[in-house]
Each structure stands twice: as structure tokens, then as C-alpha cells.
Amino acid sequence: MERIFLLVLSSLGVSLVTADSLSPPVNVTIREVKANSAVVSWDIPEGDPVIGFAITQQKKDVRMLRFIQEVNTTTRSCALWDLEEETDYIVHVQSISMSGTSPLSEPLRFRTPKEAETQASKSEDEVTMEEVGQTTQLRAGELIIIVVVLIMWAGVIALFCRQYDIIKDNEPNNNKDKAKNSSECSTPEHPTGGLLRSKFPKNNNNNNRMPSVNIIEV
């Protein structure tokens, strides 16, 4: 990859052979504009056998221009450096093929900001990134707390279910013990465990029937 930088007078022009079949670059745009630098990018029409590019950079109302040429590359952008702050610039882009160069693209005009404005914008970006980092940390802490609480609740529910199963398993044994104790205290005549016994003997005389008292011994 070869890159050639020339600083010439616009009155002398740029001696490059123009290829009639090669179309100029399209969608030429400028980005990342700072006080002393910028980046120009473009697109190449489909099918053009491009092997490089050429850029002319000129200050507005100034005859001096900068010529940048790069071959054996497929890149579609180029950094412009050593610019002056608060200055208007005009940029043209050309495609380079084996047969020559394309016509100039549409002129692209842009203006560099003040150094102070660039620093202020940078500071705002840094503050924004710092705030984003703090917000991310807070969200991570909240997620950790939520996970811990959920784990604790899961443990409580599991313990409750375990105790419930133990109590449920013990219920048949308790019922068996109660049934055993009840059968030991019962008799054939009195299943409930009571025994009737007469305190007085029976009297066959119906006329002199004495009241009887039944005592229940348990």
C-alpha cells in the first residue's frame, strides 16, 4: 500500500490522467470533526475496478491545497489531520484504477470547531460514560440483592415443605397408638370401656320393687 502526500498551488493543478469509464465516489461524508482533525468517508459505485483513492483538501478562500493519494487499498475512509480550528474546508474524493482516476466527487464543505468546544464535548462524553458506569454498578447490586432474597425464600419454602411431610408421615402412627389404647380399655359387653354392676340384689316381687342404683366403674 502506497500513500503519497503533496502540497501544491491550486493554480498549478494536479496532473493525473482521468479514466473516462470510472465513476466518481458517492455519499462523501465527514465525521469525527475536531479542532485539528476529521475523517472523510465515501462509497464506490458497484463494478468499478478501484485500487485506491485520491483526496484534495483546501481551505475556503485560500489557493493552497493538500493532495492525498493512496493505492493498493480497498479502504473507504481517510483521516484528515493538522487542521486549523474554526476554519472552513472543502474536500473532493477521486477513485483510482489501473487506467487512471475518476472525476472529482461533489465538493464536501465542513468547519472545524474551537479547541475549547472540543474539550467541553469530550468532558461531557466522559461524564456520560461515568454516569453509565455508575448506573450499571447500581443495577448489578440490585440484581444481587434480588437473587439473595429469592434464594432465602426458596430455602424457607423448602424447609416448610419438609416439616409438613414429617408431620404428615407421623399421623398414621399416632392414630394406631390411639386405637390400641382404646381397645385395651374396652370389654365385649361395653365396648366403651365401662362395666355395669348392680349395688343391690334383684327382687322377684313386683309389688315391692326396690329402686336400684347402677354404678359404673371405669
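The chain is numbered in sequence order, starting from 1.
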Assess the residue pair T29 and S41 against the criterion (side-chain hydrogen bond (donor to acceptor under 3.5 Å, both in side chains)); give the C-alpha distance rounded to whole Å, side-chain angles, the decisive distance to 0.1 Å, and a yes or no. CA-CA 5 Å; T29 57; S41 59; 2.9 Å; yes
Could you walk me through whether E70 and I55 pass the side-chain contact (heavy atoms from CB on, under 4.5 Å) test, one step at a time? CA-CA 9 Å; E70 185 172 334; I55 296 177; over 6 Å; no
Assess the residue pair L80 and V91 against the criterion (side-chain contact (heavy atoms from CB on, under 4.5 Å)); give the C-alpha distance rounded to whole Å, side-chain angles, the decisive distance to 0.1 Å, and a yes or no. CA-CA 10 Å; L80 307 177; V91 173; 3.9 Å; yes
Are I68 and T56 close enough, and set up right, to give a side-chain contact (heavy atoms from CB on, under 4.5 Å), and what steps lead you there? CA-CA 6 Å; I68 304 172; T56 57; over 6 Å; no
Verdict with supporting geometry, T75 and T73, side-chain hydrogen bond (donor to acceptor under 3.5 Å, both in side chains): CA-CA 6 Å; T75 184; T73 180; 5.0 Å; no
Given side-chain contact (heavy atoms from CB on, under 4.5 Å), test V50 with S97 step by step and report yes or no. CA-CA 5 Å; V50 176; S97 67; 5.8 Å; no
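Of all heavy-atom pairs between N36 and E115, the closest is OD1-OE1, 3.3 Å. The nearest pair of heavy atoms linking L83 to A38 is CD1-N, 4.0 Å. Between P24 and P103, the shortest heavy-atom contact is CB-O, 3.2 Å. H92 approaches E106 most closely through the heavy-atom pair CD2-C, 4.3 Å. Across P113 and V33, no two heavy atoms sit closer than the pair CD-CG1, 3.9 Å.
Without hydrogens or angle criteria, Q94 side chain to A54 main chain gives no donor-acceptor distance under 3.5 Å. The closest donor-acceptor contact from the side chain of E142 to the backbone of I146 lies at 3.5 Å or more, if one exists at all.
By the rule that hydrophobic residues join a cluster once side-chain heavy atoms approach within less than 4.5 Å of another member, I44 and V39 end up as members of separate clusters. Residues W81 and V40 fall within the same hydrophobic cluster, defined by Ile, Leu, Val, Met, Phe, Trp and Tyr side chains chained together at heavy-atom separations under 4.5 Å. V156 and Y164 fall into different hydrophobic clusters, where Ile, Leu, Val, Met, Phe, Trp and Tyr side chains are chained together by heavy-atom contacts under 4.5 Å. F53 and I90 sit in two unconnected hydrophobic clusters of ILVMFWY residues. Membership requires side-chain heavy atoms under 4.5 Å apart, directly or through other members. Under the 4.5 Å side-chain heavy-atom criterion for ILVMFWY residues, no single connected hydrophobic cluster contains both L159 and I167.
Other residues, nucleotides and ligands place more than 12 heavy atoms under 6.0 Å from the CD atom of E86.
Residues K60 and T87 form no side-chain contact, since every pair of their non-hydrogen atoms from C-beta on lies 4.5 Å or further apart. Residues P25 and S102 have side chains in contact (heavy-atom distance under 4.5 Å, counting atoms from C-beta outward). Counting heavy atoms from C-beta outward, K114 and T112 have side chains that stay 4.5 Å or more apart.
Considering E84, R109, R66 in turn, E84 is the only one that fulfils the side-chain contact (heavy atoms from CB on, under 4.5 Å) rule with Y89.
Cation-pi geometry between R31 and W42 is not met at under 6.0 angstrom from the ring centre and within 45 degrees of the axis.
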